[in-house]
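To start, the structure under review is shown below, and the notes come after it.
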Number of protein chains: 2
Amino acid sequence: MKFSVKTEYGLRALIELASQATRKPICAREIASRQDIPERFLEQQITSLRKAGLVNSQRGAGGGCSLARAPEAITVLEVIEALDGPVMNMDCISQSGSDCRQSTQCVIQELWLESQVQLRGYLGSVTIGDLASRQHEKADRGLTYTI
Amino acid sequence: MKFSVKTEYGLRALIELASQATRKPICAREIASRQDIPERFLEQQITSLRKAGLVNSQRGAGGGCSLARAPEAITVLEVIEALDGPVMNMDCISQSGSDCRQSTQCVIQELWLESQVQLRGYLGSVTIGDLASRQHEKADRGLTYTI
DNA sequence: CCCAAATCCTAGATAGTCGGTCGGATTTGT
DNA sequence: ACAAATCCGACCGACTATCTAGGATTTGGG
């Protein structure tokens with residue numbers, strides 16, 4: 001019961017993109033080196049994010065990727081589901097045959113379902129924009145303290 | 001991002017125990033056959049539940065296991081953590097060395113932490129008693145319809 | 001006192017997933 | 001033409017999840 005590093009890498013990459021003032025695309029190599037993420041691995045996650053419509057990517061020299069929407073319009077939930085598949089998917093057991101009504105399995109399915117609703121509700125309410133601004137606050141405060 | 005079958009089996013076993021009118025212990029074999037769960041596997045989960053203090057077990061002939069507390073006093077969260085370890089544990093990355101303040105990792109840690117709080121909050125609010133009574137309602141309704 | 005029934009403990013076996021690497025094909029600006 | 005970048009798919013080692021198995025230990029009943 002934990003999130004994968006794929007999603008962590010993906011989120012960090014998107015935060016990096018959101019923090020970028022310029023709207024020019026940044027290449028995977030640069031994000032990877034700045035965030036200290038294995039380059040070829042991050043490449044794959046970026047491809048997944050593109051297929052999910054969260055980033056645009058430009059091939060060839062001078063290419064790279066950029067956010068497909070405003071950071072405030074990309075939720076953490078979308079990122080997770082793009083990289084890890086459905087949050088808490090339950091391949092429901094009671095297909096066709098078994099009578100669900102008197103089975104304890106069904107009650108537990110409902111429990112999982114409600115857990116999913118709770119978690120997705122929260123994750124869907126946080127955006128990349130939120131994360132980026134939180135991180136900036138942190139960085140600023142860190143600066144103030146240390147100077 | 002999903003729960004294991006260990007926890008599903010554990011929950012079903014506990015619901016079975018809670019549904020039992022008599023307070024006499026039931027053996028793992030019987031629970032397993034009634035719930036259609038691999039017997040030797042369920043045995044192991046019951047042992048874990050005992051170590052977590054959720055069930056009592058009696059060895060020897062005529063032995064078995066029974067709930068250690070009232071069904072309303074056992075939360076789903078406890079069961080999950082007994083069988084699967086901490087829900088969404090994050091072995092925090094920023095131990096000692098790295099400066100957390102300006103790292104995006106820290107923002108994400110906080111995101112995971114808040115997700116954990118949300119999920120644990122819900123799971124801690126549902127008890128075995130709740131699940132057992134929900135299941136009975138289902139069974140009763142099913143009966144009414146089919147008769 | 002012995003036996004059968006039950007839990008307990010430990011060690012696998014097997015299959016799948018996760019994190020990561022790699023070779024190379026393709027696109028594209030200079 | 002060349003270098004920089006994405007894209008595609010295969011592969012790999014390590015780990016985990018599910019389940020099986022052997023046997024030690026406890027315990028009530030005849």
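Letters go in sequence order (proteins before strands), and every chain restarts at 1.
- In this structure a side-chain-to-backbone donor-acceptor pair under 3.5 Å is present from E78(B) to T75(B).
- Each of E39(A) and A61(A) was matched to the nucleotide of DNA chain C holding its nearest heavy atom; the match closer to the 5' end belongs to E39(A).
- Heavy atoms of Q58(A) sit under 4.0 angstrom from primed sugar atoms or phosphate atoms, though from no base atom.
- What separates NZ of K2(A) from P of dA17(D) is a distance of 10 Å, to the nearest Å.
- Along DNA chain D, the nucleotide nearest to G62(A) and the one nearest to I46(A) differ in position, and the one closer to the 5' end is contacted by G62(A).
- Across all strands, Y9(B) comes closer than 4.0 Å only to sugar-phosphate atoms, never to a base (heavy-atom distances).
- Contact check, T47(A) against dC7(D): a side-chain N or O comes under 4.0 Å of OP1 or OP2.
- At whole-Å resolution of the value, CG in L17(A) and C1' in dT6(D) are 14 Å apart.
- Separating the NZ atom of K6(A) from the P atom of dT21(C) is a distance of 15 Å, rounded to the nearest angstrom.
- Rounded to whole angstrom, the span from the CD atom of Q45(A) across to the C1' atom of dC8(D) amounts to 14 Å.
- Rounded to a whole Å, the CG atom of D84(A) is 12 Å from the C1' atom of dG19(C).
- Distance CG (L83(A)) to P (dG20(C)): 14 Å, rounded to an integer number of Å.
- With hydrogens and angles ignored, the 3.5 Å screen pairs a side-chain donor or acceptor of Q45(A) with a backbone N or O of F41(A).
- Each of V117(B) and L131(A) belongs to its own hydrophobic cluster when Ile, Leu, Val, Met, Phe, Trp and Tyr are linked at side-chain heavy-atom distances under 4.5 angstrom.
- Sequence order on DNA chain D of the closest nucleotides to M1(A) and K51(A) puts K51(A) first from the 5' end.
- Counting distance only, with no hydrogens placed and no angle test, the side-chain atoms of R40(A) and the base atoms of dG24(C) include a donor-acceptor pair under 3.5 Å.
- At a cut-off of 3.5 angstrom, the base of dC8(D) holds no donor-acceptor pair with the side chain of Q44(A).
- dT6(D) atom C1' lies 17 Å from atom CZ of F41(A), rounded to whole Å.
- When distances run from any side-chain atom of R59(B) to the nucleotides dG23(D), dT25(D), dT6(D), the shortest one goes to dT25(D).
- Here E16(B) pairs with R34(B) in a salt bridge; the nearest charged N to carboxylate O distance falls below 4.0 Å.
- When the C1' atom of dT20(D) is taken as reference, atom CD of E43(B) falls 12 Å away, rounded to whole Å.
- For the OP1/OP2 pair of dC8(C) and a distance below 4.0 Å, the side-chain nitrogens and oxygens of R50(B) include at least one atom meeting the criterion.
- Where S4(A) and I26(B) meet DNA chain C, the nucleotide closest to each residue was compared, and I26(B) sits on the side nearer the 5' end.
- Proximity note for S57(A) (side chain, C-beta onward) versus dT7(C), dC7(D), dT27(D): the nearest is dC7(D).
- The closest donor-acceptor contact from the side chain of Q35(B) to the backbone of Y9(B) lies at 3.5 Å or more, if one exists at all.
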